[in-house]
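First listed ligand is number 1; within each ligand, the first listed atom is number 1. Computed from a predicted model, the values in this text were never measured in an experiment.
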Amino acid sequence: MEFISKRGGDSDYSIIEENKKLKETVFSLKKELNSMKEPPLVVCDVVKMFKEKIIVRLSNGNSFFVNVSPNLIERLNVGDRVLAEQKSLTVVDTIGKSKQFGVENFVIMQKPDISWSEIGGLKNQIRELYEVIELPLKKPKLFKKMGIEPPKGVLLYGASGTGKTVLAKAIAASTNAAFIQIVGSELVQKFIGEGAKLVKDIFKLARENAPAIIFIDEIDSIASERVDIGTSGEREVQRTFMQLLNEIDGFNHLDNVKIIGATNRIDVLDQAIIRPGRLDRLVHIPLPEEKGRSEIFKVHTKNMNIKNIDFREVAALTNSFSGAEIKSVCTEAGYFAIREKRTYIDHKDFLVAINKVRKGDEIDEENPARMFG
Ligand code: ADP
């Protein structure tokens with residue numbers, strides 16, 4: 001065995017390595033896909049314990065006498081928050097004492113250190129965010145004196161991977177604000193019955209950590225126009241959305257909390273969220289033009305050991321690529337160079353990488369299932 005692998009030399013080794021990496025990727029994608037198929041769990045409180053069963057109370061006030069997964073019952077106490085399956089309400093996990101069900105566990109709060117120089121293109125959008133978010137946070141007195149009410153928040157809309165999240169992070173960094181990130185779909189899917197409460201707690205958390213920016217990614221999953229709100233899931237989304245509107249209406253234009261919503265589905269958005277006094281400043285984040293693409297290439301190759309790259313050509317060849325795709329091109333180009341055992345990355349690597357990323361795109365669109373094998 002050892003003899004064969006030695007004879008095969010380095011190229012065999014790199015194929016084995018690549019094979020291993022691809023298998024790992026397939027494995028993790030399958031895992032992700034399976035987790036997406038899992039129905040969400042219901043959050044409830046333990047109100048009474050018996051030998052093998054317990055009584056739980058749901059957030060709507062109803063109580064049920066339910067089963068508990070094996071070996072879990074000895075870890076439970078009255079007053080604990082537990083997770084139950086939707087249909088049978090069998091308790092399958094615990095999240096401990098009720099008061100530990102804090103919002104901090106479900107949002108990402110950080111002080112980002114992204115600087116404006118890490119964003120290619122988007123000059124007009126950056127200027128607009130500066131005026132609407134940064135200036136009022138930094139100089140509220142100026143606005144008071146002038147009698148202008150700055151928007152409470154903005155809505156960034158555009159295709160995915162165009163830089164909406166990095167823009168929001170950069171603005172938090174330049175205002176030294178806490179950055180609280182939530183994903184709309186998670187808010188309503190992960191813990192049924194808790195969406196509205198989480199929204200309330202998120203705004204509380206923001207006020208306590210002000211200046212703060214609340215970034216709501218995929219805001220369309222909470223704030224989309226619904227024709228029919230008959231199902232309990234839809235009612236839950238509606239409740240969460242109403243709470244969000246209440247919270248936005250409840251604070252002042254000059255408070256040092258700002259909201260940035262992001263969506264790539266502006267077409268389905270409920271108009272209530274963009275009414276005056278709410279996220280009434282809409283900023284389109286487009287796919288980058290050729291000049292922007294060249295700048296994004298420069299940003300992502302800044303720390304790479306590159307040789308003789310014609311940035312104009314790579315930008316010209318990446319029409320309709322998003323910033324995220326350009327970033328992948330740079331990483332792929334690096335991999336090509338590594339495979340050829342070079343310590344620098346040249347123009348040719350970029351050309352091959354561009355083709356690869358473009359092809360990946362085509363496969364996605366034609367038949368996304370193929371990605372998961
Ligand atoms: P979105 O929130 O619009 O889906 P992100 O902000 O998450 O997109 O961007 C995804 C990745 O693509 C980020 O890691 C970022 O580095 C890169 N990216 C996107 N747009 C740009 C840009 N204009 N300049 C530099 N990098 C970008």
Side-chain angles (χ1 to χ4, degrees), residues 32 107-108 110-130 133 153-174 177 179-187 213-223 258-269 279 281-304 306 309 311-312 314-316 318-335 350 353-354 356-358 360-361 364-365:
E32 197 177 326
V107 295
I108 303 169
Q110 54 178 200
K111 286 254 175 179
D113 57 0
I114 292 182
S115 84
W116 293 117
S117 66
E118 288 170 62
I119 298 176
L122 300 174
K123 294 289 168 282
N124 290 338
Q125 289 78 1
I126 291 175
R127 204 205 54 237
E128 189 149 5
L129 287 177
Y130 170 77
I133 308 260
V154 296
L155 181 77
L156 307 180
Y157 68 98
S160 78
T162 44
K164 297 182 288 299
T165 310
V166 273
L167 272 173
K169 283 187 178 169
I171 200 130
S174 77
F179 182 76
I180 300 173
Q181 180 171 3
I182 49 172
V183 181
S185 56
E186 286 184 5
L187 208 59
I213 286 172
I214 303 176
F215 179 64
I216 313 175
D217 203 3
E218 295 178 22
I219 195 167
D220 49 279
S221 359
I222 343 175
K258 296 278 174 206
I259 308 148
I260 302 182
T263 181
N264 49 14
R265 292 297 317 271
I266 187 138
D267 53 317
V268 298
L269 215 60
L279 307 189
R281 191 65 80 94
L282 271 60
V283 182
H284 181 218
I285 311 295
L287 285 170
E289 303 269 339
E290 194 167 320
K291 186 165 171 285
R293 292 198 295 273
S294 166
E295 285 178 26
I296 300 173
F297 268 112
K298 286 180 188 154
V299 166
H300 290 291
T301 50
K302 203 174 60 196
N303 297 320
M304 288 168 77
I306 49 172
I309 307 289
F311 282 107
R312 287 233 315 261
V314 288
T318 44
N319 189 19
S320 81
F321 275 43
S322 67
E325 285 167 324
I326 293 176
K327 189 179 176 183
S328 310
V329 168
C330 298
T331 315
E332 285 297 336
Y335 272 112
F350 278 84
I354 289 170
K356 184 172 176 193
V357 173
R358 196 185 286 286
D361 234 26
D364 260 18
E365 278 163 21

Identity and separation of the nearest protein heavy atom to atom 10 (C) of ligand 1: Ala324 CB, 3.8 Å
Side-chain (Glu325) to main-chain (Ser322) donor-acceptor, under 3.5 angstrom: yes
Sub-4.0 Å heavy-atom contact, Ser160 with ligand 1: yes
Parallel, tilted or perpendicular: rings of Phe311 and Phe297 (30°, 60°): tilted
Identity and separation of the nearest protein heavy atom to atom 15 (C) of ligand 1: Val166 CG1, 4.0 Å
For the student: nearest non-hydrogen atoms of Pro112 and Ala173, plus distance: O-CB, 3.2 Å
Shortest protein contact, atom 18 (N) of ligand 1 (heavy atom only): Gly323 C, 3.7 Å
Contact check, side chains of Ile285 and Leu167, non-hydrogen atoms, under 4.5 Å: yes
Close approach, Gly121 and ligand 1, non-hydrogen under 4.0 angstrom: no
Distance-only criterion, 3.5 Å: show the donor-acceptor pairs between side-chain atoms of residues 119-126 and protein atoms not counting sequence neighbours.
| from | atom 1 | to | atom 2 | distance (Å) |
| --- | --- | --- | --- | --- |
| Lys123 | NZ | Gly121 | O | 3.4 |
| Lys123 | NZ | Glu295 | OE1 | 3.4 |
| Gln125 | NE2 | His284 | O | 3.1 |

Where ligand 1 meets Leu122 - atom numbers and elements under 4.0 angstrom, heavy-atom basis: 23 (N)
Ile296, portion touching ligand 1 at heavy-atom distance under 4.0 Å: side chain
Could you tabulate the donor-acceptor pairs under 3.5 Å formed by side-chain atoms of residues 154-162, not counting sequence neighbours?
| from | atom 1 | to | atom 2 | distance (Å) |
| --- | --- | --- | --- | --- |
| Thr162 | OG1 | Ala159 | O | 2.6 |
| Thr162 | OG1 | Lys164 | NZ | 3.4 |

Close approach, Glu295 and ligand 1, non-hydrogen under 4.0 angstrom: no
Nearest protein heavy atom with distance in Å, relative to atom 19 (C) of ligand 1: Gly161 O, 3.4 Å
Side chain proximity check, Ser320 to Arg358, heavy atoms < 4.5 angstrom: yes
From Cys330 atom SG to Lys327 atom NZ, the distance as rounded to the nearest 0.5 Å: 9.5 Å
Per-atom contacts, ligand 1 versus Lys327 - under 4.0 Å to a heavy atom: 14 (O), 16 (O)
Side chain to side chain, Gln110 and Ile180, heavy atoms closer than 4.5 Å: no
Top protein contact for atom 2 (O) of ligand 1, by heavy-atom distance: Thr165 OG1, 2.6 Å
Ile285 contact mode with ligand 1 (heavy-atom cut-off under 4.0 Å): neither
His300 to ligand 1, any heavy atom closer than 4.0 Å: yes
Residue pair Val166 / Glu118, side-chain heavy-atom distance below 4.5 Å: no
Atom 8 (O) of ligand 1: nearest protein contact (heavy atom, Å): Gly163 N, 3.3 Å
Gly120 neighbourhood, listing ligand 1 atoms whose heavy-atom distance to it stays under 4.0 Å: 22 (C), 23 (N), 24 (N), 25 (C)
